[in-house]
Structure formats: C-alpha cells, structure tokens
Number of protein chains: 2
Amino acid sequence: MADVARLAGVSHQTVSRVLNDHPNVRQETRERVLAAIEGLGYRRNSSARALVTRQTNTLGVVAFDTTLYGPASTLYGLERAAREAGYFVSIVSLRELTRDDLAEALDHLARQQVDGLVVIVPQSAIAVALAEMPQPVPVVTVEGDAGVGLPVVNVDQRKGGALVTEHLLRLGHRTVWHVSGPPDWLESQARTQGWRETLLAAGAPIPEPLSGDWSPRSGYRCGQLLAGVPDLTAVFVANDQMALGVVRALDEARIRVPDDVSVVGFDDVPESEFFTPPMTTVAQDFSEVGRKAIELLLDALADDRDHSAPAAEGADGAYPAVPPARIVVQPHLVVRRSSGPPRRS
Amino acid sequence: MADVARLAGVSHQTVSRVLNDHPNVRQETRERVLAAIEGLGYRRNSSARALVTRQTNTLGVVAFDTTLYGPASTLYGLERAAREAGYFVSIVSLRELTRDDLAEALDHLARQQVDGLVVIVPQSAIAVALAEMPQPVPVVTVEGDAGVGLPVVNVDQRKGGALVTEHLLRLGHRTVWHVSGPPDWLESQARTQGWRETLLAAGAPIPEPLSGDWSPRSGYRCGQLLAGVPDLTAVFVANDQMALGVVRALDEARIRVPDDVSVVGFDDVPESEFFTPPMTTVAQDFSEVGRKAIELLLDALADDRDHSAPAAEGADGAYPAVPPARIVVQPHLVVRRSSGPPRRS
DNA sequence: CTGAAAGCGCTTACAG
DNA sequence: CTGAAAGCGCTTACAG
C-alpha cells in the first residue's frame with residue numbers, strides 16, 4: 001500500500017479511501033491511485049484489514065454428511081450466494097450428529113473469527129443443543145426448526161408428505177404405508193406428520209410406519225417387511241434412496257411397481273427420473289434454501305452493525321424483541337411412473 | 001491478551017510464548033498463564049496473528065459440481081484431513097469449467113490469502129490453464145494429471161477401465177461397447193483408454209464409443225442408440241448415473257439386463273447396489289484421495305517454509321528441480337448382478 | 001526464563 | 001479533498 005501511495009504521489013490513507021469507495025476523493029486522484037494499484041498488481045492485505053475492522057468477511061457453514069445430495073446441494077447454494085455477496089465460506093462437516101461434534105465445529109469456526117454462521121441442524125436434539133450454546137456471531141439455521149428461537153429457513157416437509165399422500169389417495173388407494181427417516185430427524189418427523197394428517201383427514205386407516213436411516217440398504221430392509229403385508233398397494237418412502245431399496249426388495253419378492261404397489265420417494269435426486277420405474281417424488285429447491293439462508297444471515301449481520309452503533313437503543317441496551325426470521329420454501333410433487341391406481345383385485 | 005498478561009502477572013509476550021509452545025517458559029509461569037486464559041475465556045485473534053506470521057492457516061479448495069457424489073466425497077475427505085491438521089478450509093465451487101471461472105476462483109482465494117490450494121481439475125484444458133496461471137501459493141491438483149508439472153493425486157482410471165473390460169471379456173463376451181464421459185474430461189479419457197487397450201490386447205473388435213455428459217439423461221440417450229445395435233452383449237458405461245440411464249433405455253426396448261446385455265458402471269455410488277439390477281461397478285476411495293491431497297499440500301507448505309529460510313539454496317535461489325509429487329490411488333471392481341455371461345444365441 | 005520495543009498493513013477519527 | 005498519527009492484537013528479534 002505504501003508502494004501504491006508513493007507511485008500515485010499520495011498518502012497511504014488516500015489509497016485506503018479509494019479502496020473503500022470513500023466519497024471524499026477527487027476523481028483525478030482516484031484514477032491515479034487506481035492506475036498505481038493496477039500497475040503494481042497490488043492486493044489489499046485482508047488480515048490487516050480484518051484486524052482493524054473486526055470483520056473477516058468469511059461465513060462459516062456447518063453441515064452433516066455433505067456427500068448426500070440434499071446437503072451437498074444446499075452447500076452449493078450457500079457457497080454461491082455467499083461468494084456473490086463478497087464473502088468467503090469456511091466449511092466444517094460433522095462426522096457425527098452429536099452435541100460434542102457440533103460444539104467443536106463452532107469452536108473451530110470461532111477460532112477463525114467468522115462473521116456469521118449457517119448451521120444445518122437436522123435433528124431436534126441438535127437444534128436444541130445449538131440454541132443453548134453461546135453464539136458470538138449471528139447464526140441462521142437450515143432445516144433446524146424445533147421452535148428454539150433461532151432464525152431458520154426450511155422446506156415445508158409436512159406439506160411434502162401431504163402432497164404425496166393426497167396423490168396416492170386420489171389415485172384410489174385405500175391407505176398408504178410409510179417408511180420414515182430416523183425418528184429424531186426434523187425432516188423425517190415433518191414428512192411423517194404430513195402423511196399422518198392427510199390419512200386422518202381422509203378417514204383412511206393409519207398403518208404403523210416403518211423407519212430407516214436414509215440409506216438404500218435400510219429401505220431395502222423395510223421393503224422386505226412390506227413385501228409381507230397383505231393388501232399393500234401404496235408406500236410413501238421418506239427419501240429417494242430408501243425408495244430405491246424398497247423397490248428392489250419388492251422386485252425380489254415378485255411384487256411389481258407400480259402394477260402391484262405404488263412407491264413414492266422424496267427429494268427428486270437427479271437419478272430418480274431414471275430409476276426402474278421412474279420414481280414419483282417430491283422436489284425441493286435446495287439452492288433456493290441456500291440462497292435464502294445467506295440472505296437471512298446478511299440481514300442479521302446488517303442489523304448487528306446497526307445495533308452496535310450507539311444510536312437509538314433501549315436504556316438497557318437490549319435489542320427490540322423481534323421474533324426470529326423464518327423462511328419456508330415450498331416443495332412440489334413430481335409424478336412419474338412408480339405411482340398409479342391400485343390394481344383391481 | 002493484555003488482560004491475560006495482567007491477570008497472570010506477566011508481560012504479554014510471555015503469554016504469546018505459552019500460546020506458541022515456546023520452550024523458554026518456566027513450568028509454573030506457563031500454568032499461571034494457562035489458568036488466566038481459561039479463566040478469561042481468552043481466544044487468540046487470528047487476524048492479528050496472520051498479519052505478522054503471514055499465514056492464515058486456511059487452505060483453499062476449488063471444485064466443480066460438488067453436488068455429484070465424487071466431488072462431494074473428495075471434498076469431504078479434504079475438509080476432514082485439513083481440519084485434523086489444524087487448517088480451515090475455504091471452498092469455491094465453479095459454476096462452469098472455464099478458464100475464466102477458474103481464474104476468478106483463484107483470485108477470490110488469493111484475496112483471502114490462503115496458505116495453499118487444492119484444485120480439482122477434471123478437464124485437460126483446465127489443467128493446462130491452471131498450470132499457466134501464476135501460483136502465489138503451493139497448489140496440489142486432484143484428478144488433474146495432464147502432465148503439466150503440478151503435484152497431483154488421482155485414481156488410476158485407466159486401470160479401472162481395464163478392470164471392467166477384462167471382467168466382461170472373461171465372462172465370455174466377444175467385445176464390449178462403451179459409453180464414455182465428456183471427451184475433454186481427463187477421467188473420461190483414462191477410462192476409455194483402459195477399455196480400448198484391454199480390447200486391443202485381447203484382439204477383440206473395438207466398437208466406436210458413444211459419449212455422454214455424466215448425467216443419467218445422457219446415458220438414457222446412449223442407451224436408446226445401443227438398443228439398436230445388433231449383437232450387443234456388454235456395455236461399459238463411464239459412471240453409475242449414466243449406466244442407470246442406459247439400463248432404463250434398454251429396459252424400455254425390452255432388452256433385459258443382465259440376461260440380454262451386461263452393463264457395468266463406474267464410481268460405486270451408494271445407490272448402485274440397489275439399482276434394478278444391482279450394478280457392477282468400480283469403487284474409488286474418494287476420501288483417501290482427499291486425505292492424500294492434503295498430505296501432499298502440507299508437505300509442499302513445509303518445503304516452502306524450509307526453502308524460504310536463507311539456508312542451503314542454490315546461488316540463484318532456485319529450488320532443486322524435484323519432479324512434482326504424484327500419488328495414484330487404486331480403484332477396484334465390485335461385481336454385482338448387472339453383469340453376467342452372454343446369452344447363448 | 002522474561003520483558004521493552006518495533007513492526008506486520010491496514011482503517012479511522014482528527015485536523016487542516 | 002487530503003495528510004499526520006494512533007491503534008487494531010499479535011510475534012519476533014534483541015537485551016538482560
């Protein structure tokens with residue numbers, strides 16, 4: 001910066017001014033400085049800047065199992081939105097969904113002095129744990145709505161479960177069986193709730209749901225159980241991977257999809273259109289979720305800056321009690337060949 | 001830090017010494033300082049530290065399409081290994097695989113002053129472009145071996161292609177058709193090469209390969225073409241997603257897998273075991289790739305520090321010309337039901 | 001083994 | 001519109 005100042009024939013804080021788009025710089029001076037910057041290939045030292053501004057311009061993301069399509073897509077949306085807003089993104093993937101791992105991740109990111117955090121917290125216990133941890137910086141949660149008072153963006157999973165169930169009922173099925181995800185996952189709970197409520201509203205019998213761990217293998221095991229159910233005509237499986245396993249197990253039991261049994265998944269992974277048969281499923285706009293989360297976080301950061309200015313605060317310095325922001329993204333049903341009317345028996 | 005020093009009754013650089021595990025601190029002093037740190041919940045300011053040490057302790061990763069299983073898994077391995085080594089990881093996903101996007105990504109990461117970079121460069125043109133760009137910090141490439149002189153870790157894709165082809169020939173197929181990935185992808189080229197060499201060595205006819213873009217849809221289109229090939233008995237498809245599409249298209253043409261035609265994929269995505277039929281494929285240890293890449297990068301960083309010390313350098317300050325490091329991870333064949341002996345016609 | 005001093009490269013009131 | 005000065009919170013020779 002000193003070099004730039006010298007070459008442009010100004011002081012170094014004038015250089016700083018043009019770098020920060022300060023208004024009080026004469027046009028001609030600005031141009032001279034810009035030329036010097038260009039000529040020297042100068043690049044501002046971000047550490048020095050962070051030291052004085054107390055902002056690192058980096059956002060932390062903590063996620064779980066980013067090899068799955070959903071988290072990976074959300075992460076992609078987050079990264080893209082953050083970068084477009086001029087932020088760096090630092091990521092940590094949890095090995096396990098435990099309180100300790102989460103605490104460690106937050107600690108790691110705090111060490112880096114991120115300006116804000118987005119945490120993907122799929123389990124209720126984890127959402128609660130997160131809410132109880134000290135939060136030195138603004139936090140936005142994704143899929144973490146356990147009513148714990150943190151800002152959240154999520155997909156309306158309950159609606160998704162309802163869409164599937166309505167679809168199957170409308171096709172003429174008397175009821176719909178269900179393979180849920182792990183019971184302690186929020187997404188899993190909401191999808192199951194949507195399914196149950198819809199059956200209830202329709203006066204349809206409500207079978208005992210089976211549950212898997214999202215993996216195709218667990219779906220396969222549930223499928224083997226389902227193959228023994230008399231009168232089975234329709235199954236709602238809580239994700240596409242498990243649905244694939246269910247179809248496989250039914251196939252091995254000589255039960256045809258959709259001729260004998262309709263199977264519907266959830267997520268609309270890119271493969272699902274090419275499963276045998278192509279899978280009816282629910283699409284979620286993960287990128288949108290990522291974008292919205294960053295939007296919310298940037299809003300929170302801006303609020304934070306406003307409030308830290310010693311302006312119109314309450315006497316006790318407390319923030320006005322605004323309810324935490326909530327953004328809900330709507331899913332939609334994608335009908336393919338794995339679902340159809342029940343076979344007349 | 002001043003607070004800690006005061007509480008411990010020492011100067012602030014003694015605090016710095018215990019923080020940096022400097023040997024010259026009396027045990028008793030160290031303990032007093034540690035206690036003060038604990039008591040105050042003190043955490044070192046990383047920006048200030050980075051400013052003076054010129055190390056941010058963060059590694060940059062640039063990847064393309066991290067929603068795919070391979071890149072997502074590699075990223076996971078990278079992140080985990082980096083964090084275990086005490087590094088932060090900052091990620092940028094390329095929207096498009098172009099020179100401009102790559103340059104922009106590197107610029108972004110340079111702005112953050114990462115200590116080192118791992119770049120996943122699947123296309124030959126991109127590998128070349130990367131090699132030509134100025135590299136202010138050590139770089140390790142993944143799947144980027146275009147002989148451009150950068151350190152690289154990759155999977156032996158050629159071997160993978162050979163494993164598949166040998167497997168099918170051994171089952172008794174006269175030859176093996178091939179659906180490759182995009183021709184400008186290095187992984188694609190290597191898999192095709194392994195296939196071709198194996199057919200050649202066996203004296204088998206070499207059909208003209210089809211090619212897709214890794215998506216299930218493109219596999220589906222190729223499958224429709226293959227359905228019209230007389231004498232078709234075996235196909236090697238360059239990834240599992242496309243293989244899924246191929247199977248779907250064959251199925252629609254009433255061609256049964258594996259009864260009529262054997263199909264083999266590549267990658268061993270978690271779903272492939274539950275496809276209908278379960279897919280024979282090639283497994284790659286993506287986490288291992290990630291770990292090795294970080295290992296290589298950390299080595300390079302250590303070398304860099306050694307060399308920047310004004311020790312035993314050549315007169316011109318040039319580094320000794322060691323060839324760039326290369327790590328090759330071996331893939332292995334996973335045989336499932338989608339491949340079998342040809343039908344006697 | 002420990003402390004006083006300088007400096008890393010910026011930004012930010014404060015003057016002019 | 002522009003500059004001289006202080007300071008952000010560390011580390012690192014340099015003394016003692």
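Each chain gets a letter, A, B and so on, in the order the sequences are listed, and its residues count up from 1. Being a predicted model, the structure only gives us computed values, none of them experimental.
One can place CG of N20(A) at 17 Å from P of dC1(D), the figure rounded to the nearest angstrom. In this structure, R32(A) atom CZ and dT2(D) atom P are separated by 8 Å, rounded to whole Å. When the C1' atom of dG3(D) is taken as reference, atom CZ of R26(A) falls 14 Å away, rounded to whole Å. Between the CZ atom of R44(B) and the C1' atom of dT11(D) there is a distance of 10 Å, rounded to whole Å. N57(B) places its CG atom 14 Å from the C1' atom of dT11(D), with the value rounded to the nearest Å. Following rounding to the nearest Å, H22(A) (NE2) and dT12(C) (P) show an atom-to-atom distance of 8 Å. Between the C1' atom of dC10(C) and the CZ atom of R111(B) lies a distance of 16 Å, rounded to the nearest Å. Rounding to whole angstrom units, OH of residue Y42(B) and P of dG9(D) are separated by 10 Å.
Taking only side-chain nitrogens and oxygens, T14(A) comes nearer than 4.0 Å to OP1 or OP2 of dG3(D). Close to dG9(D), at under 4.0 Å from its OP1 or OP2, lies a side-chain N or O of R54(A). Contact check, S16(B) against dT11(D): a side-chain N or O comes under 4.0 Å of OP1 or OP2.
Under 3.5 Å, the side chain of R17(B) and the base of dG3(C) form at least one donor-acceptor pair of N or O atoms.
Shown here, dC14(D) forms a base pair with dG3(C); the pair counts as Watson-Crick or G-U wobble because both key distances fall under 3.5 Å.
The residue among H12(B) and T29(A) whose nearest nucleotide of DNA chain D is located toward the 5' end is T29(A). Both V25(B) and L51(B) sit near DNA chain C, but only V25(B) has its closest nucleotide nearer the 5' end.
At most 12 heavy atoms of other shown residues, nucleotides or ligands fall within 6.0 angstrom of atom CD in E38(B).
Of all non-hydrogen atoms in L109(A) and S90(A), the two that sit nearest each other are CD1-OG, 3.8 Å.
A salt bridge links E28(B) to R32(B): at least one charged side-chain nitrogen sits closer than 4.0 Å to a carboxylate oxygen.
Screening L296(B), V152(B), V153(B) against R326(B) for a side-chain contact (heavy atoms from CB on, under 4.5 Å) leaves a single residue, V152(B).
For the 3.5 Å distance criterion, the side chains of Q13(A) and S11(A) qualify, holding a donor opposite an acceptor.
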